[in-house]
Amino acid sequence: MTKVTMTVNGKARSAEVPDNTLLVDYIRENLRLTGTHVGCDTSQCGACVVHVNGQAVKACTMLAASAEGAEVTTIEGVAAGKDDLHPMQIAFKENHGLQCGFCTPGMIMTATDMVSRYKEAGKTLDEHAIREELEGNICRCTGYHNIVKAIADGASKMA
Amino acid sequence: MTDQGIGARVLRKEDKRFITGKGKYTDDIVQPNQAYAAFVRSPHAHANVKSIDASAAEAMEGVEAVLNGHQLTGDGIGNIICGWGITSKDGSPMNMGAWSALATDKVRYVGDAVAVVIADSKAQAQAAAEAVMVEYEVLPATSNVLASMKEGAPQIHENAPGNLIFDWEIGNKDETDAALASAHHTTTMDITNNRLSPNPMEPRSAVATFDESEDHYTLYTTSQNPHVARLVLSAFYNVAPEHKLRVIAPDVGGGFGAKIYIYPEEIVCLWASMKTNRSVKWTSTRSEAFLTDAHGRDHVSTATMGFDADNNIVGFKVNTKANLGAYMSLFSSSVPTYLYATLLSGQYNIANVYCDVQTYYTNTVPVDAYRGAGRPEAAYLIERMIETAARELGVDPGELRRQNFVREFPHQTPVIMAYDSGDFAGNLDQAKAAADVAGFPARKEEAAKRGKLRGLGYSNYIEACGIAPSAAVGSLGAGVGLWESAEVRVNPVGTIEILTGSHSHGQGHETTFAQLVSERFDLPTDNIQIVHGDTDKVQFGMGTYGSRSGAVGMSAISKALDKVEAKVKKIAAHVLEASEDDIVIEGGEVKVKGTDKAMGWHEVGLSAYTAHNLPEGMEPGLKEGAFYDPTNFTFPAGCYICEVEVDPQTGVTEIVQFTASDDFGTIINPMIVEGQVHGGIAQGIGQAMMEHAVYDDDGQLLSGSYMDYCMPRADDVPNYTVSHHSTTCPGNPLGMKGCGEAGAIGSPPAVINAITDAIGNNNLSMPATPSRVWAALQQVSAAQAAE
Amino acid sequence: MYDTTYYRASSVSDATSKLAGTEDGMFLAGGQTLIPTMKQRLAAPSDLVDVSGIDALKNISVDGEVVTIGAACTHAQVAGSSEVAQAIPALASLAGGIGDPAVRARGTIGGSIANNDPAADYPAACLGLGATIVTDTREIPADEFFVGMFETALDEGEMVTAVKFPKPTKAGYAKFPNPASRYAMVGVMAAQTGNGVRVAVTGAGNDGVFRHNALEEALGANWSADATQGVATDADDMLSDIHGSAEYRAHLVSVMAGRAVDNS
């Protein structure tokens with residue numbers, strides 16, 4: 001067992017967990033934040049994407065212990081306040097960028113990360129770039145058309 | 001008037017919980033003192049189970065129980081059934097092999113479960129499952145129909161000699177043979193429809209709870225049809241009687257057919273919950289999903305299409321061999337028969353069509369309906385054939401289609417279906433204009449300058465949705481009725497709950513169904529709640545698959561709304577002292593036409609429940625139910641045009657344009673319908689270019705994860721140009737046809753027709769991976785070199 | 001995943017001494033390969049010594065003609081480094097094409113080469129650019145480091161601490177990704193170095209990354225994409241699977257070599 005302490009969605013959280021606990025299991029099972037999903041076991045689908053110290057990572061491919069001391073943000077924590085929605089969340093709804101909703105939290109976490117990275121690097125996030133940046137996120141419902149639109153719209157809303 | 005009625009692009013009511021991470025999927029459910037199940041699965045495709053030694057596993061920390069198939073059958077749990085009986089040509093019934101949820105003496109595919117461990121934690125259950133010692137006597141295996149049908153092939157089920165399940169036929173054989181014999185031109189092709197894994201992003205999951213004090217079971221599960229699950233679990237698997245079993249399908253993360261069936265794991269979780277007196281939870285990993293979720297397609301066909309001297313199609317003859325896997329899944333037998341061969345007339349007026357189908361057992365996971373289910377296989381066959389024929393005849397492929405279109409409705413085909421409506425030429429024209437087919441030669445020339453091969457392909461699909469009527473499908477062998485039910489509850493304050501037997505797992509029913517009510521009563525959708533997915537709340541229902549929820553599910557709601565509307569009008573007429581015929585409902589009020597006499601919608605609700613002033617003899621309350629059984633299938637159709645560029649150096653194909661013109665009849669929410677088409681096209685492109693569930697000759701699955709099963713990603717697919725040219729469906733009160741599967745049905749032939757056009761070689765099978773396209777290009781070069 | 005004991009190392013010596021005391025321990029860096037492998041129960045290290053937090057391994061420096069990249073530098077860090085982009089743009093672009101953005105945020109260069117996955121990109125960079133792999137005990141030329149599939153010259157308990165890349169005159173990388181996994185099905189690094197032209201191929205060979213002598217000769221004589229055309233690769237040495245035949249991979253090697261030159 002190992003003690004892990006991290007800040008999750010702005011709150012300090014700690015727990016004793018088995019050393020092999022994945023970050024995603026810590027988030028889902030221990031913290032009961034079930035918006036972060038698991039859709040594969042080969043680190044490819046991206047349903048589990050969260051931010052660790054400001055970077056999008058796959059929570060299924062990281063030990064909770066490795067996130068010791070980190071700032072973690074999950075889909076439940078992206079909006080500014082309890083009754084608010086993040087502009088990217090709004091964009092997904094307004095552009096019908098989701099159907100079954102299972103991949104959506106990971107998509108939104110990946111989307112906000114890509115927008116910030118491109119902004120920081122001064123690069124243009126065009127449709128081609130969005131599609132390439134989504135390499136690690138699989139959606140089976142939407143055919144991506146409206147996800148790509150949503151991210152472009154969310155990016156402009158975040159500007 | 002609200003602007004949320006039929007035809008409005010209303011944003012989805014269900015989205016808020018999904019975008020905030022508050023969706024409630026089965027794996028999110030936690031029951032007090034829940035235990036976890038881990039299955040012991042066969043690593044062999046075909047083996048006798050000699051012994052199972054669970055002693056080491058049972059002794060491990062946290063292990064509650066290790067249960068096997070003999071215990072399961074000993075407790076009277078019934079075998080898994082196929083719910084559609086098919087009769088062979090010779091009149092004999094299909095050869096259904098026994099399928100126990102936990103195998104007893106023999107395993108028949110890799111992943112077949114032989115035991116289950118129930119333990120306190122997931123990790124403990126997995127570790128103990130590994131410690132269960134199973135002694136297998138490995139048998140030779142087959143993984144495809146061609147191997148299964150060979151003389152001397154391994155015998156998979158004793159009661160299916162030669163592994164043949166049934167040998168079925170449809171159409172007019174002699175007339176078709178005669179027509180082909182006298183045809184001016186015939187086109188013959190061998191066509192394979194590649195095996196796929198459906199891959200909804202949410203893996204299957206079940207949480208079963210047995211309440212000893214009430215002798216009652218609750219099952220949370222990833223189901224497209226919780227009532228069907230309950231019916232089958234009760235009536236056939238003897239888990240519990242229906243009134244003692246509640247099945248809840250909460251938020252479900254996509255289905256695509258894979259979540260129609262009642263799998264071994266759900267049966268075992270319920271049974272194990274009773275055995276251990278604990279809640280039992282199981283969630284599939286993706287690797288388990290590849291091994292155990294029913295696969296789709298897997299047909300091998302030979303077809304001949306004949307034309308007269310004027311290029312009219314005179315006959316179409318098809319032989320198909322279909323792989324149904326190791327056991328017959330719930331609707332598996334209907335897919336390569338009534339959902340497939342009945343569509344082989346396509347959009348064309350063909351006097352003579354004949355198809356015979358042989359289905360075989362193989363040592364692979366069962367094959368059943370996957371988005372489209374039989375109809376993609378039919379569309380692929382016809383649309384590859386007619387495109388190829390056009391090339392052979394030297395005529396424009398669009399015009400060859402046009403000349404053969406069915407133009408008068410109703411149209412009776414030689415293979416059961418009676419098409420009720422459509423304007424196929426209208427869809428062709430719309431798609432051609434949107435795709436700028438006229439500009440294609442110039443684009444091809446420009447691409448050639450860049451070293452790219454550009455090609456264009458058509459697909460004019462037709463499908464059948466809302467399988468019905470129940471009596472007709474019953475006569476064809478279906479074990480269930482395919483109606484739908486609905487209940488409309490108007491509360492005393494005027495808000496409305498719609499209870500529906502349809503189930504939404506991404507289709508947006510909470511929004512579109514509310515729009516139907518909004519249209520009828522001119523109320524905002526916020527005042528309307530859709531209730532579904534819980535057998536304790538909804539009376540009964542057949543669930544969602546086969547694009548049936550609009551045409552059948554909403555028609556049931558519409559019928560119930562008729563009854564509510566009639567009662568509302570009676571109450572208002574009574575209170576307002578007017579004639580029922582003069583009552584109109586609009587703007588949140590129930591009014592007497594042409595007067596200022598009105599009562600608020602909510603006041604009618606209140607009147608119904610206070611019952612102080614109701615018409616003589618009227619029962620209090622405002623709640624009506626309806627069951628709707630359609631009179632015919634519906635026939636969505638359309639034209640898809642795909643344009644590709646192939647890199648001849650690598651064989652990489654880029655879809656540069658994909659254009660769809662669909663006829664779905666009445667459209668409730670265009671935004672949602674377009675989304676369904678986008679997703680369907682992406683899955684069709686996946687089938688055409690990427691996806692392939694591959695077993696080796698020994699029955700080992702080679703494409704068992706996303707490392708090897710290629711899922712379409714954002715950079716694999718284009719933006720889609722989607723448009724509609726609709727005719728109203730005369731068969732249901734709303735004029736709807738269905739839109740859920742069209743994209744997946746119509747797109748594969750368009751893609752392959754485009755790629756084969758680009759590379760100048762028609763010898764190309766799905767999936768047209770870069771490797772295969774390159775190999776096909778090598779054939780072209782070799783042929784050119786030989787000349 | 002099997003049970004394991006986790007330890008977060010604070011320094012290289014802390015990490016190596018800790019690992020030495022374990023029964024069957026492994027270094028954990030970004031974990032982008034090791035953790036999926038453990039999840040599939042295909043690896044069962046008794047202990048994991050996490051080296052991703054060792055600050056001394058996270059530096060990128062350019063010293064004259066050599067770019068030194070610390071073993072714990074992530075792919076995102078290398079891809080985004082202006083020093084790397086300036087000194088060896090092909091290396092920055094290679095790093096920017098590994099996995100997906102979330103994988104690049106965690107995966108490290110040290111982890112990648114120590115694992116020597118036959119379809120990983122970095123082995124091609126090391127071998128093609130003639131890099132030197134620095135460990136806690138010695139320096140190993142790339143030509144000697146990559147022994148075979150998942151095999152390296154690392155001794156038990158030896159830890160990669162950095163990779164030194166000599167600046168090439170010109171270099172380019174081109175990858176043909178496996179359509180499903182997006183790992184390299186064929187990845188070619190072609191470089192003009194102080195020691196002549198080097199061409200390294202990853203993803204395709206049935207014994208891991210390898211140098212392609214015929215392409216080196218052809219490009220040594222004529223540094224152009226045209227020169228790669230018709231340079232044969234023996235299909236017998238290529239992998240073959242459901243994604244592509246050995247012949248297809250052999251063909252792609254020269255195509256990707258040409259594109260690598262175009263990218264240089």
Side-chain angles (χ1 to χ4, degrees), chain A residues 18 20-21 25 28-29 32-45 47 74-79 85-86 88-105 108 127-128 130-149, chain B residues 9 11-12 14-25 27-28 30 122-123 198-203 251-256 283 285-287 289 504-508 671-672 674-683 685 705-707 711-720 722 743:
Chain A
N20 63 358
T21 303
D25 289 331
R28 284 182 57 80
E29 309 290 336
R32 298 295 308 147
L33 293 170
T34 54
T36 303
H37 296 148
V38 178
C40 79
D41 43 15
T42 50
S43 311
Q44 282 161 310
C45 81
T74 71
I75 187 67
E76 290 90 346
V78 284
L85 289 174
H86 187 281
M88 192 60 77
Q89 291 173 314
I90 295 170
F92 267 73
K93 174 169 175 151
E94 288 183 349
N95 291 280
H96 189 33
L98 64 149
Q99 288 180 26
C100 82
F102 194 79
C103 76
T104 310
I108 290 173
E127 186 202 320
H128 180 74
I130 292 170
R131 287 184 181 274
E132 288 207 328
E133 286 285 329
L134 285 176
E135 180 174 329
N137 291 77
I138 300 177
C139 167
R140 191 56 153 169
C141 296
T142 64
Y144 302 101
H145 184 110
N146 286 342
I147 289 179
V148 174
K149 258 174 67 185
Chain B
R9 303 177 80 89
L11 296 182
R12 297 205 319 173
E14 48 270 81
D15 281 355
K16 188 168 180 189
R17 65 179 188 271
F18 296 131
I19 58 176
T20 54
K22 300 286 165 47
K24 193 61 93 187
Y25 300 89
D27 189 56
D28 301 339
V30 173
K122 218 186 296 182
N199 275 297
M201 290 316 295
E202 180 206 20
D251 284 328
V252 174
F256 314 115
T283 298
T285 62
R286 181 60 57 188
S287 300
S504 185
H505 30 279
Q507 296 89 339
M671 177 190 83
I672 285 176
E674 286 160 15
Q676 289 291 310
V677 176
H678 296 161
I681 293 173
Q683 285 182 15
I685 291 173
S705 80
Y706 291 150
M707 295 293 281
M711 290 284 277
R713 291 185 178 76
D715 58 358
D716 289 320
V717 292
N719 279 317
Y720 319 98
V722 173

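Order of the sequence lines fixes the chain letters, A, B, ..., with proteins taken first and strands second; residue numbering starts at 1 for each chain.
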Largest heavy-atom contact set with chain B, pairs under 4.5 Å, which of L85(A), L134(A), T74(A), L98(A): L98(A)
Is it true that a side-chain atom of D715(B) and a backbone atom of E135(A) form a donor plus acceptor pair closer than 3.5 Å? no
Expected output: side-chain R140(A) to main-chain P200(B) donor-acceptor under 3.5 Å: no
Drop me the distance from M201(B)'s CE to C45(A)'s SG, to the nearest 0.5 angstrom. 4.0 Å
Considering only heavy atoms, which portion of V252(B) lies under 4.5 Å from any heavy atom of chain A: side chain, backbone, both, or neither? backbone
Among R286(B), E674(B), K22(B), Q507(B), single out the residue with the greatest number of heavy-atom pairs under 4.5 Å to chain A. R286(B)
Here the pair of heavy atoms bringing A682(B) nearest to G143(A) is CB-CA, 3.4 Å
Side chain of H145(A), backbone of Y720(B): donor and acceptor closer than 3.5 Å? yes
Under a 4.5 Å heavy-atom cut-off, does chain A meet the side chain of I672(B), its backbone, both or neither? both
G77(A), A47(A), G101(A): which one forms the most heavy-atom pairs within less than 4.5 Å of chain B? G101(A)
In terms of heavy-atom proximity below 4.5 Å to chain A, should Y25(B) be classed as side chain, backbone, both, or neither? side chain
Mind ranking G508(B), G255(B), G679(B), S504(B) by heavy-atom pairs under 4.5 Å with chain A and telling me who comes out on top? G679(B)
Determine whether a donor-acceptor pair (N or O, by modelled atom type, separation under 3.5 Å) exists between the side chain of R32(A) and the backbone of D28(B). yes
Spacing of T104(A) atom OG1 and R17(B) atom CZ [to the nearest 0.5 Å]: 11.5 Å
Distance-minimising heavy-atom pair for V38(A) and P203(B): O-CD, 3.6 Å
For chain B, find which of R28(A), E94(A), E133(A), M88(A) contributes the most heavy-atom pairs closer than 4.5 angstrom. R28(A)
So, the part of Q676(B) with a heavy atom under 4.5 Å from chain A: the answer is both
As a quick check of understanding, evaluate side-chain contact (heavy atoms from CB on, under 4.5 Å) for R9(B) and H96(A), giving each step before the final call. CA-CA 10 Å; R9(B) 303 177 80 89; H96(A) 189 33; over 6 Å; no
So which residue, A123(B), P198(B), G23(B), ends up with the most heavy-atom pairs under 4.5 Å with chain A? P198(B)
Judged by atom type as modelled, is there a donor-acceptor pair below 3.5 Å linking the side chain of K93(A) to the main-chain atoms of K16(B)? no
In Å, rounded to the nearest 0.5 Å, how long is the span from NE2 of H678(B) to SG of C141(A)? 13.5 Å
Validation row: M707(B), Q44(A) side chains within 4.5 angstrom (heavy atoms): yes
In terms of heavy-atom pairs under 4.5 Å, which option from H128(A), E127(A), E29(A) contacts chain B the most? E127(A)
Test item: side-chain donor near acceptor, D15(B) and Q89(A), under 3.5 Å: no
Taking every heavy-atom pair that is under 4.5 Å apart, which of I130(A), N146(A), N95(A), N20(A) has the most such pairs with chain B? N146(A)
Which atoms of D27(B) approach chain A - backbone, side chain, both or neither, heavy atom under 4.5 Å: both
Which atom names give the shortest non-hydrogen contact between P712(B) and I138(A), and what distance separates them? O-CG2, 4.4 Å
Is there a donor-acceptor pair closer than 3.5 Å between any side-chain N or O of E202(B) and the backbone N or O of G39(A)? no
Check whether M711(B) gets within reach of chain A through its side chain, its backbone, both or neither, counting any heavy atom under 4.5 Å. side chain
Spacing of C103(A) atom SG and F18(B) atom CZ [to the nearest 0.5 Å]: 11.0 Å
So which heavy atom on I75(A) is nearest to which on T20(B), and how close? CG1-C, 3.9 Å
Can you tell me if R131(A) uses its side chain to pair, donor with acceptor, with the backbone of A714(B) under 3.5 Å? yes
Taking every non-hydrogen atom, the tightest pair across G254(B) and C100(A): N-CB, 3.3 Å
Given the options V677(B), D716(B), V30(B), which has more heavy-atom pairs under 4.5 Å with chain A than any of the others? V30(B)
